[in-house]
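So the structure is just underneath, and the comments pick up after that.
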Amino acid sequence: MAIRGIREYDGKKLMAQVMDRFSSKPLGMNPNYALVTPETDLEKLPVSEPWLNNTRLVVKPDMLFGKRGKNNLLKLNATWAEAAAWIKAKREETVTVSGVQGRLTEFLIEPFTPHPEDKEFYVAMRSFRDEDVVYFSLKGGIYVEENWDQVKEIHIPTMKDNQLVEAKSISFAGQLPVEGAEKAQIEDFVTALYRFYADQGFAYLEINPFTLAEGKVIPLDLVAKIDDTAAFEHLDTWGTTLTFPAGFGHHLSPDEAKVKAMDAKTGASLKLTVLNPDGRIWPMVAGGGASVIFADTVADLGYIDELGMYGEYSGDPNEEFTYQYACVILDLMTRKPHPKGKALLIGGGIANFTDVAATFKGIIRAISQYADLLREGNVKIYVRRGGPNYKAGLEQMRSLGGKLNLPIEVYGPETHMTNIVPMAIAALQ
Amino acid sequence: MTQSYQLFSKNTRAIIYNLQVNAVQRMLDFDYVCRRDKPSVAAIIDPNAKQGGNHKVFWGTKEIIIPIYSSIAQATKRHPDADVLINFASFRSAYATSVEGINEPTIKTVVIIAEGVPERRARELAALAIARNKVVIGPATVGGILAGGFKIGNTGGTIENIIESKLHRTGSVGFVSKSGGMSNEAYNIIACNTDGLYEGIAIGGDAYPGSTLLDHLLRFEANPEVKMLACLGEVGGTEEYRIVEAIKAKKITKPLVCWVTGTIASKMKGEVQFGHAGAKAGASNETAEAKNQALAEAGVIVPKSFDDYGMKLAETFEKMKAAGKIPERTLPDTPAIPADYNALKAKGQVRKGTNFICTITDDTGDEPLYCGIPMSKVVEHNMPLGELIALLWFKKRLPAWGAQFMELVLRLTADHGPCVSGAHNTIVTARAGKDLMTSVATGILTIGPRFGGAVSGAAKQFSEAIRKGQTPLEFVNHMKNTNVNIQGIGHKIKSASNPDIRVTLLKKFAKENFPKTPHLDFALEVEKITLTKRNNLILNVDGAIGILFLDLMASGGDLFTDQEKAEIIEFGILDGLFMLGRTIGMVGHFFDQKRLRSGLYRHPMDDVLYDLPEPSDLGYDW
């Protein structure tokens with residue numbers, strides 16, 4: 001993971017705290033934002049955020065999805081009492097956003113800024129391989145897309161005249177299509193915003209719209225993505241509190257949660273996403289790259305509906321974790337037997353330095369434990385793996401089949417990695 | 001002379017940033033099976049080795065030395081023939097060190113292994129490389145390999161796999177992928193379906209690799225040794241469309257077999273989230289399907305799924321071969337790499353005798369074991385120090401009174417003032433400006449037959465007398481007749497009328513706590529006899545300790561065998577008690593002198609009697 005969405009609250013707070021560093025004069029960004037989470041006590045919030053009681057407010061879900069106005073998830077010009085009542089009601093609702101169902105759990109509260117519609121500006125910044133691009137338009141808000149031809153693009157190359165371009169040397173004075181009294185203020189703001197963007201690890205930033213009120217720039221709606229690998233460069237500003245929330249409606253099943261907890265405990269990687277609990281093809285694949293290819297191949301051969309899960313184990317998990325991970329998968333696939341049976345793919349490419357025989361120990365323990373259920377469920381097992389000590393590992397798997405009276409087919413590097421996918425598909429017919 | 005499309009040859013030499021013991025050995029093993037003239041690692045940079053140094057590695061069966069430098073500048077200055085920097089720096093320092101490498105005139109290629117380099121830094125590195133006409137491979141890569149010529153770091157896995165995948169000799173296929181993890185598998189597929197790999201590069205899984213899939217495909221296109229191209233792309237990004245453009249522009253004409261992985265991604269809901277207007281171009285054309293389709297339409301050989309990838313490679317290769325475009329290749333005679341001892345040991349296939357035996361402490365597990373007892377249990381049960389000492393010295397569990405006796409001895413011997421030889425030496429040495437270890441060692445070195453060391457001697461003489469069945473009087477007479485001093489009897493200052501309080505305390509403790517004290521009783525009878533000769537021939541502290549230890553060993557039932565008892569005395573283990581106790585005092589005297597800032601001690605001349613011989617008496621006439 002590198003580029004991850006952050007909450008509007010975090011983006012605006014970061015602007016308020018840090019942007020003045022990038023401007024020759026103080027920008028006076030509004031510092032008053034509050035985030036409501038499931039843990040927030042709404043009765044006590046005005047104690048720590050006293051401005052809530054003497055300002056008209058805007059409230060909206062802050063969960064990495066947009067189009068909140070269209071979805072009727074925006075409360076404007078509210079008193080604190082009205083805002084709190086609205087949050088309480090919305091917390092109880094299940095909503096559908098872009099086809100995904102979920103509960104509303106996080107809300108952003110900020111001061112309400114009345115403004116005329118023609119004072120809505122658009123600014124966005126995006127990074128490409130050899131340049132950053134700043135987009136600016138006087139026609140912001142909901143009309144920006146239909147007026148995209150009026151968006152001014154400014155390209156900032158990474159390299160100029162054989163030297164790396166420093167963000168602090170960039171100024172947009174005289175480059176934005178804005179005239180009159182607001183010109184200097186908007187240019188200063190966009191200039192500081194770009195320097196902030198480039199310095200603070202952003203990969204995408206869109207403020208649509210921002211407006212001007214009482215001589216200050218007010219960002220109204222903000223979407224931002226941050227490169228989380230830059231965290232070590234920004235401990236002073238991101239601190240340890242900047243979070244990278246999962247997408248809306250992203251809920252883990254108990255099995256997925258179990259694997260996620262295991263993953264957190266080990267330095268290795270253990271992943272599980274259940275796609276179809278009734279699926280008949282279950283790939284337990286080593287390695288990030290290989291696991292995607294196994295899943296691809298099932299789908300490419302037309303059997304995505306039979307794919308039970310996507311997952312991977314890598315980074316040399318120890319025997320105990322491999323055993324537990326295998327148990328989760330075996331348990332899932334033996335819960336509801338299918339008359340034509342199911343297939344378990346113990347797959348993987350040629351390992352670099354992982355001892356294959358050692359990693360198979362945990363899997364063998366799990367298969368032995370589930371042997372009766374696997375036999376009853378008519379589960380066929382296909383193994384394909386290579387790497388250090390793979391011959392001993394494959395031999396252990398072969399003899400396991402005989403010992404437990406289970407159909408286990410075993411292949412090494414002489415067989416193409418994904419060949420066991422069509423074999424399994426054929427056996428399930 | 002190498003061409004611009006050639007990053008590596010059989011003579012390429014690299015500088016390794018950060019001491020990566022395994023990666024360096026793997027590179028040299030590869031070099032050895034390829035029969036390279038010189039090792040591919042010219043130097044190692046270890047930023048912590050301020051003085052530089054040397055690193056020992058195997059070159060086949062021999063060992064050779066690779067120099068270590070503390071900076072890139074030093075290494076490149078001393079090794080101008082090395083034009084590859086393989087950078088194993090962490091994600092924190094990868095950027096700065098890679099910039100340094102790119103800016104070195106002798107370095108042509110920088111490989112960045114680290115995962116987690118911030119994207120903006122990666123983009124800067126990519127731009128800088130172009131401006132300086134350098135090649136960056138990575139970040140987040142395992143590297144790459146020129147079959148039979150040069151291997152980057154850990155590429156290719158174990159030497160067995162390298163040989164099985166024929167990476168130790170050249171083939172016809174130029175391969176490039178994003179993923180390093182899948183590159184081993186890809187090399188195996190290429191070995192199974194063609195005449196093998198010519199060169200393989202993993203550009204790294206990050207969004208902004210320093211060099212791109214296309215950059216390397218264009219190099220392969222220009223290289224007449226490469227007959228066909230193979231590529232594995234990945235969902236996300238638009239890099240594969242640049243390949244499509246290059247094919248349309250006839251910049252790539254060699255047959256290319258390509259597959260973009262991650263076709264599953266668009267079929268799984270809710271994973272990818274793109275932004276608003278700015279990301280308008282995103283979404284649909286970055287899927288694996290869209291890219292595979294565009295590649296196929298441009299004439300690239302695209303399999304139906306990854307499952308056919310090998311088949312497509314084989315078909316393409318056979319066509320090229322039928323057209324006479326592939327040279328005949330023979331497998332070279334390959335020298336065997338001696339098996340690594342540790343690997344064989346792990347498999348239980350080799351054994352070797354040890355040179356050392358240890359029977360008291362085991363530090364090979366999670367926590368040290370004292371005679372089998374985990375350290376945590378020692379703490380949990382609050383094991384008395386005396387019991388712990390006996391455990392490690394004698395491998396015995398002493399009864400509580402025995403452990404208390406040991407501690408009593410330590411307390412009584414902890415110090416005896418500045419004037420005894422041990423403390424005196426410590427003080428003089430400390431005042432000469434020497435360190436703690438040296439000062440205390442000079443003190444310890446005075447412990448022997450005349451100072452503190454009578455513990456063993458007394459134990460030995462008295463135990464022998466009792467064993468022989470001598471009476472106290474027979475013992476005293478026997479010693480007198482053989483002209484041997486009785487050890488443990490006599491004191492310079494103390495006397496019957498001025499008893500040594502330490503001996504008094506030891507005797508009291510023994511009488512109150514030991515089940516029986518036959519050796520002490522015997523010694524007290526001896527003392528009665530010697531006191532008739534002189535008032536200061538008393539049982540002294542060394543004697544009391546040694547003799548009471550005999551009683552301890554005798555009172556514990558069969559805790560100690562006769563042989564063990566004899567060995568404890570013979571090996572001088574009992575002197576260890578005095579040494580251990582007195583070390584406390586000597587360390588104290590050292591600190592005392594340091595705190596006092598005492599200057600160098602010079603002994604006063606008037607305290608020395610000077611009495612020299614006449615030179616003429618010695619036969620000198622000078």
Using side-chain heavy atoms (C-beta onward) and a distance below 4.5 Å, is [X] in contact with [Y]?
X        : Y        : result
A/Asn352 : B/Asn154 : no
A/Leu307 : B/Ile264 : yes
B/Glu119 : A/Ile3   : yes
B/Arg132 : A/Asn162 : yes

For [X] and [Y], which heavy atoms make the closest approach, and how far apart are they?
X        : Y        : value
B/Pro118 : A/Glu233 : CG-OE2, 3.9 Å
B/Arg120 : A/Asp132 : NH1-OD2, 2.8 Å
B/Ile189 : A/His416 : CD1-CE1, 3.5 Å
B/Cys192 : A/Pro413 : SG-O, 4.2 Å
B/Asn184 : A/Ala351 : ND2-O, 3.6 Å
B/Ala131 : A/Met159 : CB-CE, 3.4 Å

In terms of heavy-atom proximity below 4.5 Å to chain A, should B/Glu124 be classed as side chain, backbone, both, or neither?
-> both
By a 4.5 Å heavy-atom criterion (distance strictly below it), what part of B/Val235 contacts chain A: side chain, backbone, both, or neither?
-> neither
Hey, is [atom1] on [X] packed in by over 12 heavy atoms from elsewhere, all under 6.0 Å?
X        : atom1 : value
A/Glu153 : CD    : yes
A/Tyr143 : OH    : no
A/Lys139 : NZ    : no

Measure from the side-chain N and O atoms of A/Arg129 to the backbone N and O of B/Arg123, and report whether any donor-acceptor pair falls under 3.5 Å.
-> no
When you measure from the side chain of A/Asp296 to the backbone N and O of B/Thr263, does any donor-acceptor pair fall under 3.5 Å?
->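 Yes; judged by distance alone, with no hydrogens or angles, the pair exists.
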Nearest 0.5 angstrom please: [X] [atom1] to [Y] [atom2], how far?
X        : Y        : atom1 : atom2 : result
B/Phe306 : A/Phe294 : CZ    : CZ    : 8.5 Å
B/Ile130 : A/Thr158 : CD1   : OG1   : 9.0 Å
A/Thr229 : B/Glu115 : OG1   : CD    : 10.5 Å

Who wins among A/Gly288, A/Ser127, A/Gly289 for the most heavy-atom pairs under 4.5 Å with chain B?
-> A/Ser127
Which of A/Val292, A/Val165, A/Ile350, A/Asn389 touches chain B most, by non-hydrogen pairs under 4.5 Å | A/Ile350
Partner of B/Asp307 under side chain to side chain contact (heavy atoms under 4.5 Å, CB included), chosen from A/Val298, A/Ile293, A/Thr297, A/Ile420 =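 Among the candidates, only A/Thr297 passes.
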Would B/Tyr309 and A/Met417 count as a side chain to side chain contact (heavy atoms under 4.5 Å, CB included) if you check the C-alpha gap in whole Å, the side-chain angles of each, and the deciding distance to 0.1 Å?
-> CA-CA 10 Å; B/Tyr309 192 73; A/Met417 186 176 84; over 6 Å; no
